**Q** 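Have a look at this one before I ask anything.
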Amino acid sequence: MAGRQAVKVYLDLVSQACRAVLIFLKDNKIPHMVENTAIRKAQQKTPEFTKLNPMQKLPVLEDNGFVLTESDAILKYLATAYNVPDHWYPKLPQKRARVDEYTAWNHANMRTHISFIFLQEVLLPFMGQPTNPEKLKKVLADLDGTLDKLENMFLKNQAFLCGDDISLADLLAVCELMQPMCSQRDVLKDRPKLLSWRSQVQSALSDSFDEAHSVVYQIREVHG
Amino acid sequence: MSLEIYLDLFSQPCRSVYIFAKKNNIQFDYKKISLFEGYQYSEEYGKINLLRKAPAIKDGDFCLAESVAIMLYLAEKFHTPDHWYPADLQKRARVNEYLSWQHSAIRIHASKMLWFKLLIPKALGVEIPKEKMDNAIEDLNASLNIFEEKFLQDRPFIVGDQISLADLVAIVEIMQPVGAGMDVFENSPKLKAWKDRVRAEIGAELFDEAHQAIIYAQEAVKTMDPKKMEHFKPKILKYFLS
(Lines give C-alpha, C1' and ligand atoms only; values in the text may rest on other atoms or scores of the structure.)
Protein backbone atom coordinates (compact mmCIF):
# COMPACT_ATOMS: atom_id res chain seq x y z
CA MET A 1 0.00 0.00 0.00
CA ALA A 2 2.57 2.59 -1.13
CA GLY A 3 1.75 6.24 -0.87
CA ARG A 4 -0.45 6.13 2.20
CA GLN A 5 0.41 8.22 5.20
CA ALA A 6 2.37 6.72 8.05
CA VAL A 7 0.40 5.25 10.94
CA LYS A 8 0.76 6.71 14.42
CA VAL A 9 1.17 4.44 17.42
CA TYR A 10 0.89 5.41 21.06
CA LEU A 11 3.27 3.21 23.01
CA ASP A 12 5.09 2.66 26.25
CA LEU A 13 7.74 -0.01 25.76
CA VAL A 14 7.37 -1.17 29.34
CA SER A 15 4.20 -2.88 28.06
CA GLN A 16 4.42 -6.31 26.43
CA ALA A 17 1.64 -5.52 23.98
CA CYS A 18 3.32 -2.25 22.92
CA ARG A 19 6.60 -4.01 22.22
CA ALA A 20 4.88 -6.57 20.01
CA VAL A 21 3.34 -3.78 17.93
CA LEU A 22 6.62 -1.88 17.58
CA ILE A 23 8.58 -4.99 16.59
CA PHE A 24 5.95 -5.82 13.97
CA LEU A 25 6.07 -2.32 12.49
CA LYS A 26 9.87 -2.26 12.35
CA ASP A 27 10.35 -5.80 11.12
CA ASN A 28 7.93 -5.23 8.27
CA LYS A 29 9.23 -1.74 7.53
CA ILE A 30 5.77 -0.24 7.92
CA PRO A 31 6.04 3.57 7.95
CA HIS A 32 5.09 4.74 11.41
CA MET A 33 5.44 7.48 14.02
CA VAL A 34 5.71 6.65 17.70
CA GLU A 35 4.04 8.81 20.35
CA ASN A 36 5.75 7.81 23.55
CA THR A 37 3.09 7.73 26.25
CA ALA A 38 4.61 7.18 29.67
CA ILE A 39 2.49 5.00 31.96
CA ARG A 40 4.67 5.91 34.93
CA LYS A 41 3.68 9.55 34.36
CA ALA A 42 0.01 8.58 33.89
CA GLN A 43 0.07 10.04 30.38
CA GLN A 44 -2.58 7.54 29.33
CA LYS A 45 -4.97 9.18 31.79
CA THR A 46 -4.87 12.73 30.42
CA PRO A 47 -8.17 14.14 29.07
CA GLU A 48 -6.60 14.26 25.61
CA PHE A 49 -5.56 10.61 25.64
CA THR A 50 -8.85 9.53 27.19
CA LYS A 51 -10.64 11.13 24.25
CA LEU A 52 -8.51 8.95 21.98
CA ASN A 53 -9.00 5.82 24.11
CA PRO A 54 -11.61 5.89 26.89
CA MET A 55 -10.12 2.68 28.26
CA GLN A 56 -6.87 4.55 29.00
CA LYS A 57 -4.78 1.68 27.76
CA LEU A 58 -1.88 1.16 25.38
CA PRO A 59 -1.10 0.45 22.58
CA VAL A 60 -3.33 2.60 20.38
CA LEU A 61 -3.05 2.82 16.60
CA GLU A 62 -4.19 5.78 14.58
CA ASP A 63 -4.35 5.24 10.83
CA ASN A 64 -5.36 8.46 9.12
CA GLY A 65 -8.26 9.08 11.45
CA PHE A 66 -9.09 5.44 12.20
CA VAL A 67 -8.34 4.76 15.87
CA LEU A 68 -7.85 1.17 17.00
CA THR A 69 -7.02 -0.33 20.41
CA GLU A 70 -6.09 -3.88 21.52
CA SER A 71 -2.79 -5.28 20.28
CA ASP A 72 -4.41 -8.40 18.74
CA ALA A 73 -6.68 -6.28 16.60
CA ILE A 74 -3.88 -3.85 15.73
CA LEU A 75 -1.49 -6.61 14.63
CA LYS A 76 -4.13 -8.39 12.54
CA TYR A 77 -5.14 -5.08 10.95
CA LEU A 78 -1.56 -4.14 10.07
CA ALA A 79 -0.80 -7.64 8.78
CA THR A 80 -3.69 -7.39 6.34
CA ALA A 81 -3.48 -3.70 5.41
CA TYR A 82 0.22 -3.84 4.62
CA ASN A 83 0.34 -7.19 2.88
CA VAL A 84 3.14 -8.52 5.06
CA PRO A 85 4.62 -12.00 4.44
CA ASP A 86 1.93 -14.63 4.85
CA HIS A 87 3.58 -16.47 7.75
CA TRP A 88 2.70 -13.67 10.18
CA TYR A 89 -1.05 -14.25 9.83
CA PRO A 90 -1.56 -17.01 7.24
CA LYS A 91 -4.46 -16.85 4.83
CA LEU A 92 -5.01 -20.62 4.85
CA PRO A 93 -7.94 -21.15 7.26
CA GLN A 94 -6.46 -23.97 9.33
CA LYS A 95 -3.14 -22.15 9.70
CA ARG A 96 -4.85 -18.86 10.53
CA ALA A 97 -7.04 -20.64 13.09
CA ARG A 98 -3.94 -21.73 14.98
CA VAL A 99 -2.79 -18.10 15.30
CA ASP A 100 -6.30 -16.99 16.34
CA GLU A 101 -6.34 -19.79 18.90
CA TYR A 102 -3.14 -18.51 20.44
CA THR A 103 -4.08 -14.81 20.42
CA ALA A 104 -7.36 -15.65 22.19
CA TRP A 105 -5.71 -17.92 24.76
CA ASN A 106 -2.90 -15.46 25.45
CA HIS A 107 -5.17 -13.01 27.32
CA ALA A 108 -6.38 -15.03 30.27
CA ASN A 109 -3.32 -17.21 30.45
CA MET A 110 0.06 -15.69 29.66
CA ARG A 111 -0.84 -12.02 29.98
CA THR A 112 -2.74 -12.35 33.24
CA HIS A 113 0.03 -14.20 35.06
CA ILE A 114 2.87 -12.17 33.55
CA SER A 115 1.22 -8.83 34.39
CA PHE A 116 0.66 -9.91 37.96
CA ILE A 117 4.29 -10.96 38.37
CA PHE A 118 5.40 -7.59 36.98
CA LEU A 119 3.07 -5.78 39.37
CA GLN A 120 4.41 -7.65 42.39
CA GLU A 121 8.09 -7.68 41.51
CA VAL A 122 8.57 -4.31 39.79
CA LEU A 123 5.67 -1.85 39.99
CA LEU A 124 4.57 -2.14 43.61
CA PRO A 125 8.12 -2.06 45.04
CA PHE A 126 8.88 0.92 42.75
CA MET A 127 5.87 2.76 44.18
CA GLY A 128 6.83 1.75 47.71
CA GLN A 129 3.61 -0.21 48.13
CA PRO A 130 3.11 -3.54 49.92
CA THR A 131 3.26 -6.74 47.88
CA ASN A 132 1.46 -10.07 48.21
CA PRO A 133 4.08 -12.86 48.34
CA GLU A 134 1.44 -15.57 48.92
CA LYS A 135 -0.47 -14.70 45.81
CA LEU A 136 2.76 -14.26 43.82
CA LYS A 137 3.72 -17.84 44.70
CA LYS A 138 0.35 -19.07 43.48
CA VAL A 139 0.60 -17.08 40.25
CA LEU A 140 4.11 -18.41 39.57
CA ALA A 141 2.70 -21.92 39.93
CA ASP A 142 -0.15 -20.99 37.55
CA LEU A 143 2.40 -19.66 35.07
CA ASP A 144 4.21 -22.96 35.27
CA GLY A 145 1.03 -24.74 34.21
CA THR A 146 0.56 -22.23 31.42
CA LEU A 147 4.12 -22.82 30.18
CA ASP A 148 3.44 -26.56 30.14
CA LYS A 149 0.51 -25.88 27.83
CA LEU A 150 2.60 -23.53 25.71
CA GLU A 151 5.17 -26.27 25.23
CA ASN A 152 2.86 -29.28 24.86
CA MET A 153 -0.15 -27.85 23.12
CA PHE A 154 1.23 -25.04 21.00
CA LEU A 155 4.92 -25.60 20.36
CA LYS A 156 5.05 -29.42 20.40
CA ASN A 157 7.75 -30.47 17.93
CA GLN A 158 7.44 -27.42 15.73
CA ALA A 159 9.98 -24.66 15.25
CA PHE A 160 7.41 -22.00 16.16
CA LEU A 161 4.14 -21.91 18.07
CA CYS A 162 1.86 -22.28 15.08
CA GLY A 163 4.06 -24.16 12.61
CA ASP A 164 7.37 -23.96 10.80
CA ASP A 165 7.44 -20.20 10.56
CA ILE A 166 7.19 -17.27 12.94
CA SER A 167 3.72 -15.75 13.36
CA LEU A 168 1.88 -13.14 15.44
CA ALA A 169 1.57 -15.82 18.13
CA ASP A 170 5.35 -16.06 18.64
CA LEU A 171 5.64 -12.28 18.67
CA LEU A 172 3.01 -11.84 21.38
CA ALA A 173 4.31 -14.77 23.41
CA VAL A 174 7.95 -13.72 23.37
CA CYS A 175 7.10 -10.18 24.50
CA GLU A 176 5.09 -11.60 27.40
CA LEU A 177 7.89 -13.94 28.41
CA MET A 178 10.49 -11.16 28.34
CA GLN A 179 8.53 -9.12 30.89
CA PRO A 180 9.71 -10.98 34.00
CA MET A 181 13.30 -10.21 32.93
CA CYS A 182 12.59 -6.76 34.35
CA SER A 183 12.88 -8.33 37.80
CA GLN A 184 15.74 -10.59 36.59
CA ARG A 185 13.44 -13.59 36.42
CA ASP A 186 13.89 -15.92 33.47
CA VAL A 187 10.75 -18.02 33.57
CA LEU A 188 12.09 -20.25 30.78
CA LYS A 189 15.40 -21.11 32.42
CA ASP A 190 14.55 -24.73 33.18
CA ARG A 191 12.80 -25.36 29.89
CA PRO A 192 15.28 -26.18 27.11
CA LYS A 193 12.60 -26.54 24.43
CA LEU A 194 11.14 -23.10 25.12
CA LEU A 195 14.62 -21.58 25.50
CA SER A 196 15.46 -22.86 22.04
CA TRP A 197 12.19 -21.46 20.68
CA ARG A 198 12.89 -18.07 22.24
CA SER A 199 16.32 -18.04 20.64
CA GLN A 200 14.83 -18.76 17.24
CA VAL A 201 12.29 -15.97 17.66
CA GLN A 202 14.96 -13.50 18.77
CA SER A 203 17.11 -14.46 15.78
CA ALA A 204 14.24 -14.02 13.41
CA LEU A 205 13.50 -10.56 14.82
CA SER A 206 17.12 -9.45 15.43
CA ASP A 207 17.49 -5.65 15.71
CA SER A 208 13.85 -4.82 16.15
CA PHE A 209 13.69 -7.21 19.12
CA ASP A 210 16.55 -5.59 21.01
CA GLU A 211 15.42 -2.08 20.17
CA ALA A 212 11.95 -2.72 21.50
CA HIS A 213 13.31 -4.41 24.62
CA SER A 214 15.80 -1.68 25.56
CA VAL A 215 13.47 -0.51 28.35
CA VAL A 216 13.26 -4.05 29.75
CA TYR A 217 17.06 -4.32 29.75
CA GLN A 218 17.33 -0.97 31.52
CA ILE A 219 14.84 -1.92 34.22
CA ARG A 220 16.66 -5.22 34.66
CA GLU A 221 19.94 -3.39 35.29
CA VAL A 222 18.38 -1.19 37.92
CA HIS A 223 16.41 -3.99 39.59
CA GLY A 224 17.73 -6.11 42.42
CA MET B 1 -15.70 -35.79 6.95
CA SER B 2 -17.79 -34.67 9.87
CA LEU B 3 -17.50 -31.64 12.10
CA GLU B 4 -17.72 -32.42 15.80
CA ILE B 5 -18.41 -29.60 18.24
CA TYR B 6 -17.87 -30.23 21.97
CA LEU B 7 -20.18 -28.06 24.05
CA ASP B 8 -21.56 -27.50 27.52
CA LEU B 9 -24.22 -24.81 27.17
CA PHE B 10 -23.73 -23.76 30.76
CA SER B 11 -20.56 -22.10 29.46
CA GLN B 12 -20.80 -18.74 27.72
CA PRO B 13 -18.26 -19.38 24.94
CA CYS B 14 -20.02 -22.68 24.16
CA ARG B 15 -23.28 -20.81 23.65
CA SER B 16 -21.79 -18.38 21.17
CA VAL B 17 -20.39 -21.25 19.06
CA TYR B 18 -23.68 -23.19 19.29
CA ILE B 19 -25.77 -20.19 18.26
CA PHE B 20 -23.37 -19.30 15.44
CA ALA B 21 -23.36 -22.81 14.00
CA LYS B 22 -27.13 -23.26 14.29
CA LYS B 23 -27.98 -19.81 12.97
CA ASN B 24 -25.84 -20.43 9.91
CA ASN B 25 -27.23 -23.94 9.33
CA ILE B 26 -23.80 -25.48 9.74
CA GLN B 27 -24.13 -29.27 9.97
CA PHE B 28 -22.32 -30.65 12.99
CA ASP B 29 -22.17 -33.57 15.36
CA TYR B 30 -23.22 -32.06 18.74
CA LYS B 31 -21.02 -33.59 21.42
CA LYS B 32 -22.66 -32.64 24.68
CA ILE B 33 -20.19 -32.62 27.57
CA SER B 34 -20.50 -31.76 31.24
CA LEU B 35 -17.89 -29.46 32.71
CA PHE B 36 -19.33 -29.88 36.19
CA GLU B 37 -18.74 -33.60 35.93
CA GLY B 38 -15.15 -32.95 34.93
CA TYR B 39 -15.24 -34.45 31.44
CA GLN B 40 -12.66 -31.91 30.33
CA TYR B 41 -10.07 -33.70 32.48
CA SER B 42 -10.59 -37.07 30.79
CA GLU B 43 -7.96 -38.72 28.64
CA GLU B 44 -10.47 -38.85 25.81
CA TYR B 45 -11.03 -35.10 25.84
CA GLY B 46 -7.30 -34.49 26.12
CA LYS B 47 -7.01 -35.84 22.58
CA ILE B 48 -9.39 -33.13 21.41
CA ASN B 49 -8.21 -30.19 23.51
CA LEU B 50 -5.17 -30.19 25.77
CA LEU B 51 -6.19 -26.81 27.14
CA ARG B 52 -9.03 -28.78 28.76
CA LYS B 53 -11.63 -26.11 28.21
CA ALA B 54 -14.84 -25.93 26.21
CA PRO B 55 -15.78 -25.35 23.45
CA ALA B 56 -13.58 -27.33 21.08
CA ILE B 57 -14.08 -28.66 17.57
CA LYS B 58 -12.75 -31.59 15.57
CA ASP B 59 -13.09 -31.05 11.84
CA GLY B 60 -11.83 -34.24 10.25
CA ASP B 61 -8.38 -34.45 11.84
CA PHE B 62 -8.20 -30.77 12.65
CA CYS B 63 -8.80 -29.95 16.33
CA LEU B 64 -9.30 -26.38 17.47
CA ALA B 65 -9.93 -24.69 20.83
CA GLU B 66 -10.95 -21.14 21.86
CA SER B 67 -14.43 -19.98 20.88
CA VAL B 68 -13.20 -16.89 19.02
CA ALA B 69 -10.80 -18.92 16.87
CA ILE B 70 -13.53 -21.51 16.27
CA MET B 71 -16.08 -18.97 15.07
CA LEU B 72 -13.58 -17.20 12.82
CA TYR B 73 -12.67 -20.58 11.33
CA LEU B 74 -16.30 -21.60 10.78
CA ALA B 75 -17.16 -18.18 9.32
CA GLU B 76 -14.40 -18.60 6.76
CA LYS B 77 -15.01 -22.27 6.00
CA PHE B 78 -18.76 -22.02 5.61
CA HIS B 79 -18.79 -18.58 3.96
CA THR B 80 -21.25 -17.16 6.45
CA PRO B 81 -22.87 -13.78 5.68
CA ASP B 82 -20.36 -10.93 5.70
CA HIS B 83 -21.86 -9.04 8.65
CA TRP B 84 -20.70 -11.69 11.13
CA TYR B 85 -17.01 -10.97 10.40
CA PRO B 86 -16.85 -8.24 7.75
CA ALA B 87 -14.31 -8.38 4.98
CA ASP B 88 -13.97 -4.58 5.23
CA LEU B 89 -10.67 -4.06 7.03
CA GLN B 90 -11.78 -1.40 9.47
CA LYS B 91 -15.09 -3.07 10.37
CA ARG B 92 -13.25 -6.34 10.88
CA ALA B 93 -10.73 -4.54 13.10
CA ARG B 94 -13.61 -3.26 15.24
CA VAL B 95 -14.92 -6.80 15.69
CA ASN B 96 -11.40 -8.01 16.57
CA GLU B 97 -11.02 -5.13 18.99
CA TYR B 98 -14.11 -6.19 20.92
CA LEU B 99 -13.24 -9.90 20.77
CA SER B 100 -9.83 -9.08 22.22
CA TRP B 101 -10.94 -6.67 24.97
CA GLN B 102 -13.72 -8.85 26.31
CA HIS B 103 -11.40 -11.67 27.45
CA SER B 104 -9.98 -9.69 30.34
CA ALA B 105 -13.10 -7.67 31.02
CA ILE B 106 -16.72 -8.75 30.59
CA ARG B 107 -15.87 -12.43 30.38
CA ILE B 108 -14.19 -12.48 33.76
CA HIS B 109 -16.58 -10.17 35.57
CA ALA B 110 -19.84 -11.56 34.23
CA SER B 111 -18.96 -15.21 34.75
CA LYS B 112 -17.69 -14.45 38.23
CA MET B 113 -21.17 -13.24 39.22
CA LEU B 114 -22.71 -16.63 38.47
CA TRP B 115 -20.08 -18.32 40.61
CA PHE B 116 -20.34 -15.79 43.41
CA LYS B 117 -24.10 -15.48 43.57
CA LEU B 118 -25.14 -19.01 42.79
CA LEU B 119 -22.64 -21.80 42.25
CA ILE B 120 -20.27 -21.23 45.14
CA PRO B 121 -22.90 -20.58 47.81
CA LYS B 122 -25.52 -23.06 46.57
CA ALA B 123 -23.54 -25.87 44.98
CA LEU B 124 -20.36 -25.67 47.04
CA GLY B 125 -21.95 -24.36 50.24
CA VAL B 126 -19.46 -21.52 50.72
CA GLU B 127 -20.48 -17.89 51.31
CA ILE B 128 -18.63 -15.10 49.49
CA PRO B 129 -17.22 -12.39 51.79
CA LYS B 130 -19.04 -9.07 51.37
CA GLU B 131 -15.97 -7.14 50.23
CA LYS B 132 -15.22 -9.61 47.45
CA MET B 133 -18.85 -9.54 46.33
CA ASP B 134 -18.94 -5.74 46.29
CA ASN B 135 -15.71 -5.56 44.29
CA ALA B 136 -17.00 -8.12 41.81
CA ILE B 137 -20.21 -6.12 41.27
CA GLU B 138 -18.21 -2.92 40.85
CA ASP B 139 -15.93 -4.58 38.27
CA LEU B 140 -18.91 -5.87 36.32
CA ASN B 141 -20.55 -2.45 36.32
CA ALA B 142 -17.33 -0.81 35.16
CA SER B 143 -17.06 -3.28 32.26
CA LEU B 144 -20.69 -2.78 31.29
CA ASN B 145 -20.11 0.97 31.34
CA ILE B 146 -17.18 0.68 28.94
CA PHE B 147 -19.27 -1.65 26.81
CA GLU B 148 -22.03 0.91 26.49
CA GLU B 149 -19.88 3.99 26.13
CA LYS B 150 -17.06 2.78 23.97
CA PHE B 151 -18.26 -0.30 22.11
CA LEU B 152 -21.98 0.24 21.63
CA GLN B 153 -22.38 4.04 21.80
CA ASP B 154 -25.42 5.09 19.75
CA ARG B 155 -25.25 2.27 17.27
CA PRO B 156 -27.79 -0.54 17.00
CA PHE B 157 -24.96 -3.11 17.13
CA ILE B 158 -21.30 -2.94 18.12
CA VAL B 159 -19.93 -2.49 14.61
CA GLY B 160 -22.86 -0.65 13.04
CA ASP B 161 -26.22 -1.53 11.61
CA GLN B 162 -25.81 -5.26 11.62
CA ILE B 163 -25.09 -7.98 14.16
CA SER B 164 -21.55 -9.39 14.19
CA LEU B 165 -19.52 -11.92 16.19
CA ALA B 166 -18.81 -9.10 18.63
CA ASP B 167 -22.49 -8.83 19.61
CA LEU B 168 -22.83 -12.61 19.81
CA VAL B 169 -19.83 -13.00 22.10
CA ALA B 170 -21.03 -10.05 24.20
CA ILE B 171 -24.58 -11.27 24.68
CA VAL B 172 -23.72 -14.77 25.87
CA GLU B 173 -21.34 -13.30 28.46
CA ILE B 174 -23.78 -10.67 29.69
CA MET B 175 -26.46 -13.34 30.05
CA GLN B 176 -24.35 -15.33 32.51
CA PRO B 177 -25.26 -13.33 35.67
CA VAL B 178 -28.94 -13.74 34.72
CA GLY B 179 -28.49 -17.37 35.75
CA ALA B 180 -28.01 -16.19 39.29
CA GLY B 181 -31.13 -14.04 39.18
CA MET B 182 -29.14 -10.89 38.47
CA ASP B 183 -30.77 -9.05 35.60
CA VAL B 184 -28.08 -6.65 34.43
CA PHE B 185 -30.34 -5.40 31.66
CA GLU B 186 -32.98 -3.88 33.91
CA ASN B 187 -30.60 -1.11 35.01
CA SER B 188 -29.92 0.12 31.53
CA PRO B 189 -32.55 0.73 28.85
CA LYS B 190 -29.78 1.00 26.26
CA LEU B 191 -28.39 -2.42 27.14
CA LYS B 192 -31.87 -3.93 27.22
CA ALA B 193 -32.72 -2.50 23.80
CA TRP B 194 -29.46 -3.89 22.38
CA LYS B 195 -30.18 -7.30 23.92
CA ASP B 196 -33.67 -7.35 22.39
CA ARG B 197 -32.22 -6.50 18.98
CA VAL B 198 -29.55 -9.20 19.26
CA ARG B 199 -32.09 -11.79 20.41
CA ALA B 200 -34.37 -10.88 17.50
CA GLU B 201 -31.52 -11.13 14.98
CA ILE B 202 -30.43 -14.51 16.30
CA GLY B 203 -34.03 -15.65 16.52
CA ALA B 204 -35.83 -15.77 19.86
CA GLU B 205 -36.29 -19.53 19.69
CA LEU B 206 -32.60 -20.30 19.12
CA PHE B 207 -31.50 -17.70 21.66
CA ASP B 208 -33.80 -19.07 24.37
CA GLU B 209 -32.94 -22.68 23.54
CA ALA B 210 -29.21 -21.97 23.88
CA HIS B 211 -29.82 -20.21 27.21
CA GLN B 212 -31.99 -22.89 28.81
CA ALA B 213 -29.23 -23.97 31.17
CA ILE B 214 -28.78 -20.40 32.36
CA ILE B 215 -32.47 -19.53 32.59
CA TYR B 216 -33.06 -22.59 34.76
CA ALA B 217 -29.74 -22.47 36.61
CA GLN B 218 -31.26 -21.63 39.98
CA GLU B 219 -33.54 -24.65 39.69
CA ALA B 220 -30.77 -26.92 38.41
CA VAL B 221 -28.49 -26.10 41.29
CA LYS B 222 -31.06 -27.48 43.74
CA THR B 223 -30.73 -30.88 42.13
CA MET B 224 -26.94 -30.80 41.71
CA ASP B 225 -25.15 -33.60 43.46
CA PRO B 226 -22.57 -31.92 45.77
CA LYS B 227 -20.45 -35.08 45.62
CA LYS B 228 -19.94 -34.54 41.90
CA MET B 229 -18.62 -31.04 42.54
CA GLU B 230 -16.21 -32.16 45.29
CA HIS B 231 -13.41 -32.94 42.87
CA PHE B 232 -12.98 -29.38 41.79
CA LYS B 233 -14.23 -27.52 44.87
CA PRO B 234 -10.69 -26.78 46.15
CA LYS B 235 -9.61 -25.51 42.74
CA ILE B 236 -12.64 -23.23 42.42
CA LEU B 237 -12.27 -21.82 45.92
CA LYS B 238 -8.56 -21.22 45.41
CA TYR B 239 -9.18 -19.52 42.07
CA PHE B 240 -11.93 -17.20 43.26
CA LEU B 241 -11.25 -16.63 46.91
CA SER B 242 -7.50 -16.51 47.36
Side-chain angles (χ1 to χ4, degrees), chain A residues 1 17 50 53-57 60-61 63-82 91-109 111-112 115 132 134-135 137-139 141-142 145-146 148-154 156, chain B residues 13 46 48-53 56-57 59-79 85 87-105 107-108 111 142-143 145-151 153 166 169 235 238-239 242:
Chain A
M1 284 224 180
T50 307
N53 182 12
M55 285 163 324
Q56 300 181 332
K57 293 248 164 90
V60 177
L61 172 88
D63 182 2
N64 300 285
F66 175 64
V67 177
L68 187 63
T69 68
E70 294 293 319
S71 58
D72 297 0
I74 292 171
L75 289 168
K76 291 175 184 179
Y77 175 79
L78 291 172
T80 316
Y82 286 88
K91 291 201 176 62
L92 209 62
Q94 289 193 1
K95 285 189 160 186
R96 175 164 288 204
R98 288 265 94 85
V99 179
D100 289 331
E101 191 183 44
Y102 181 80
T103 60
W105 181 77
N106 183 60
H107 288 277
N109 296 278
R111 179 159 301 171
T112 304
S115 298
N132 187 339
E134 268 298 309
K135 191 154 186 205
K137 212 165 130 192
K138 174 189 171 296
V139 172
D142 288 341
T146 293
D148 283 340
K149 293 194 172 112
L150 190 70
E151 210 174 303
N152 301 322
M153 156 96 184
F154 290 99
K156 297 181 289 216
Chain B
I48 306 292
N49 179 14
L50 269 180
L51 298 173
R52 302 201 175 275
K53 294 263 162 85
I57 65 168
D59 187 13
D61 289 326
F62 180 66
C63 293
L64 186 65
E66 291 295 328
S67 62
V68 168
I70 290 169
M71 287 187 293
L72 298 191
Y73 174 74
L74 293 178
E76 172 66 40
K77 175 164 179 156
F78 292 95
H79 306 295
Y85 193 51
D88 175 83
L89 208 56
Q90 293 190 356
K91 284 190 172 169
R92 178 168 286 205
R94 285 271 165 259
V95 176
N96 283 336
E97 191 183 41
Y98 182 77
L99 295 178
S100 175
W101 174 79
Q102 57 91 29
H103 282 285
S104 320
R107 154 116 8 136
I108 297 184
S111 87
S143 276
N145 235 26
I146 293 179
F147 178 77
E148 281 190 53
E149 288 178 22
K150 143 90 191 178
F151 289 101
Q153 294 178 23
V169 166
K235 203 172 176 179
K238 197 172 161 202
Y239 177 77
S242 65

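All of these numbers come straight from a predicted model, not from anything done at the bench. Naming convention: chains lettered A, B, ... in sequence-line order (proteins, then strands); numbering from 1 in each chain.
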**Q** Take atom CD of B:Gln153 as the centre, draw a 6.0 Å sphere, and report whether it contains more than 12 heavy atoms from other residues, nucleotides or ligands.
**A** yes
**Q** Using non-hydrogen atoms and a 4.5 Å limit, figure out which bit of A:Ala108 sits close to chain B: side chain, backbone, both or neither.
**A** neither
**Q** If you count heavy-atom pairs under 4.5 Å between each of B:Leu99, B:Leu51, B:Asn96 and chain A, which one has the most?
**A** B:Leu51
**Q** Heavy-atom distance under 4.5 Å to chain A: side chain of B:Ile146, backbone, both or neither?
**A** side chain
**Q** If you count heavy-atom pairs within less than 4.5 Å of chain B, which of A:Lys76, A:Met55, A:Arg96, A:Lys149 leads?
**A** A:Met55
**Q** Parallel, tilted or perpendicular: which describes the rings of B:Phe62 and B:Tyr73, with under 30° parallel and over 60° perpendicular?
**A** tilted
**Q** Who wins among A:Tyr77, A:Tyr102, A:Phe66, A:Trp105 for the most heavy-atom pairs under 4.5 Å with chain B?
**A** A:Phe66
**Q** Under the side-chain contact (heavy atoms from CB on, under 4.5 Å) criterion, do A:Leu61 and A:Leu78 qualify, and how do the steps go?
**A** CA-CA 10 Å; A:Leu61 172 88; A:Leu78 291 172; 4.2 Å; yes
**Q** Checking A:Pro54 against chain B: side chain, backbone, both or neither under 4.5 Å from a heavy atom?
**A** side chain
**Q** Chain B heavy atoms under 4.5 Å from A:Arg111: which part of the residue, side chain, backbone, both or neither?
**A** neither
**Q** Taking B:Lys77, B:Glu66, B:Lys238 one by one, which has the highest count of heavy-atom pairs under 4.5 Å against chain A?
**A** B:Glu66
**Q** Not counting sequence neighbours, which residues clear side-chain hydrogen bond (donor to acceptor under 3.5 Å, both in side chains) with A:Lys138? List them please.
**A** A:Asp142
**Q** Shorter than 4.5 Å, heavy atoms on both sides: which option in A:Glu134, A:Lys57, A:Arg98 has the most such pairs with chain B?
**A** A:Arg98
**Q** Among B:Val68, B:Asn49, B:Leu72, which residue has the highest count of heavy-atom pairs closer than 4.5 Å to chain A?
**A** B:Leu72
**Q** Test: salt bridge (Lys or Arg N to Asp or Glu O under 4.0 Å). Region: residues 87-98 of chain B. Which pairs qualify, not counting sequence neighbours?
**A** B:Arg94-B:Glu97, B:Glu97-B:Lys150
